[in-house]
Amino acid sequence: QVQLVESGGGSVQAGGSLRLSCVASGRTFSSYAMAWFRHAPGKEREFVAAINWSGTRTYYADSMKGRFTISRDNAKNTVYLQMISLKPEDTAVYYCAAGRLPSTTSVYDYWGQGTQVTVSS
């Protein structure tokens, strides 16, 4: 069992930056691929980024490339999402997820409770 707790969300003006963190419980964090998804009101949940267990491979949704960076620190059981040049359309609840393999679909085994990101124009 893996428990995930996100933090770092908040309100920011367009063009601003935020760094989300997701801390995982358990001793097997380094064996899991990790990902970030987001869910905006009235929209379906959307893939943001994923990273393999070692951090050597990353994957991004096209609209996030160049603005978002996913990384992980296995010694701290933490995955990060650095977001820059934020836009109002990035407003959503952001979730981290853990699974056996990185994927752009919602096939992950464990999910956090989410952290709200609000970007004002």
Side-chain angles (χ1 to χ4, degrees):
Q1 188 78 6
V2 175
Q3 292 186 326
L4 305 172
V5 179
E6 303 97 332
S7 63
S11 297
V12 64
Q13 290 190 328
S17 302
L18 283 174
R19 187 176 81 155
L20 306 183
S21 299
C22 173
V23 179
S25 64
R27 295 175 291 179
T28 59
F29 173 77
S30 61
S31 66
Y32 284 94
M34 300 296 296
W36 289 93
F37 287 77
R38 69 185 186 185
H39 192 188
K43 297 184 178 180
E44 295 185 354
R45 184 164 56 189
E46 178 183 25
F47 169 74
V48 175
I51 189 167
N52 71 338
W53 68 273
S54 62
T56 55
R57 295 197 175 190
T58 56
Y59 311 82
Y60 296 94
D62 288 341
S63 61
M64 286 72 162
K65 287 180 180 177
R67 298 191 302 122
F68 291 7
T69 303
I70 189 171
S71 62
R72 67 189 296 160
D73 185 339
N74 287 344
K76 295 182 178 181
N77 280 16
T78 302
V79 62
Y80 304 98
L81 184 69
Q82 178 69 51
M83 306 184 292
I84 65 171
S85 302
L86 284 163
K87 306 174 182 179
E89 51 264 44
D90 293 319
T91 295
V93 177
Y94 284 70
Y95 298 89
C96 72
R100 288 300 178 185
L101 293 171
S103 173
T104 61
T105 64
S106 302
V107 295
Y108 292 84
D109 300 311
Y110 303 102
W111 294 81
Q113 293 299 306
T115 185
Q116 175 71 46
V117 171
T118 302
V119 184
S120 58
S121 57

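The residues of the chain are indexed from 1 along the displayed sequence.
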What distance do [X] atom [atom1] and [Y] atom [atom2] have between them, rounded to the nearest 0.5 Å?
X	Y	atom1	atom2	value
S71	R19	OG	CZ	7.0 Å
W36	I51	CH2	CD1	11.5 Å
R45	W111	CZ	CH2	4.0 Å
E46	M64	CD	CE	4.0 Å
Y108	L4	OH	CG	12.0 Å
N77	S30	CG	OG	7.5 Å

Next on the checklist: Please tell me whether M83 and V93 are part of a single hydrophobic cluster in this structure, the criterion being side-chain heavy atoms less than 4.5 Å apart.
Outcome noted: no

Checklist entry - Linking I/L/V/M/F/W/Y whenever any side-chain heavy atoms sit under 4.5 Å apart, do L20 and V23 land together? => result no

Next on the checklist: Is the terminal nitrogen or CZ of R72 (NZ for Lys, CZ for Arg) located under 6.0 angstrom from the six-membered ring centre of Y80 and within 45° of that ring's axis?
Outcome noted: no

Next on the checklist: Please determine whether the number of non-hydrogen atoms from other residues, nucleotides or ligands lying under 6.0 Å from atom CD of E89 exceeds 12.
Outcome noted: yes

Item to check | Pair D90-K87, salt bridge (charged side-chain N to carboxylate O under 4.0 Å, His left out): steps then yes or no | outcome: CA-CA 5 Å; D90 293 319; K87 306 174 182 179; over 6 Å; no

Over all atoms of both residues, closest heavy-atom pair of [X] and [Y]:
X	Y	result
T115	G9	OG1-N, 3.2 Å
Y95	G112	CD2-O, 3.5 Å
F47	A61	O-CB, 3.4 Å
P102	A50	CB-CB, 4.3 Å
F37	T105	CZ-O, 3.4 Å
G66	I84	O-CD1, 4.1 Å

Checklist entry - So do F29 and K76 actually touch side chain to side chain, heavy atoms under 4.5 Å? => result no

Item to check | Side chain to side chain, T91 and Q116, heavy atoms closer than 4.5 Å | outcome: yes

Checklist entry - Quick one: which of N74, D73, I70 gives a side chain to side chain contact (heavy atoms under 4.5 Å, CB included) with V79? => result I70

Next on the checklist: Taking Q82's backbone N and O only, do any of them form a donor-acceptor pair with T69's side chain (distance below 3.5 Å, no angle check)?
Outcome noted: no

Next on the checklist: Would the distance check show the side chain of E6 and the main-chain N or O of Q113 forming a donor-acceptor pair, the cut-off being under 3.5 Å?
Outcome noted: yes

Checklist outcome for this item: Contacts satisfying side chain to side chain donor-acceptor pair (under 3.5 Å) that involve residues 47-57 (not counting sequence neighbours) are N52-S54, N52-T56, S54-T56

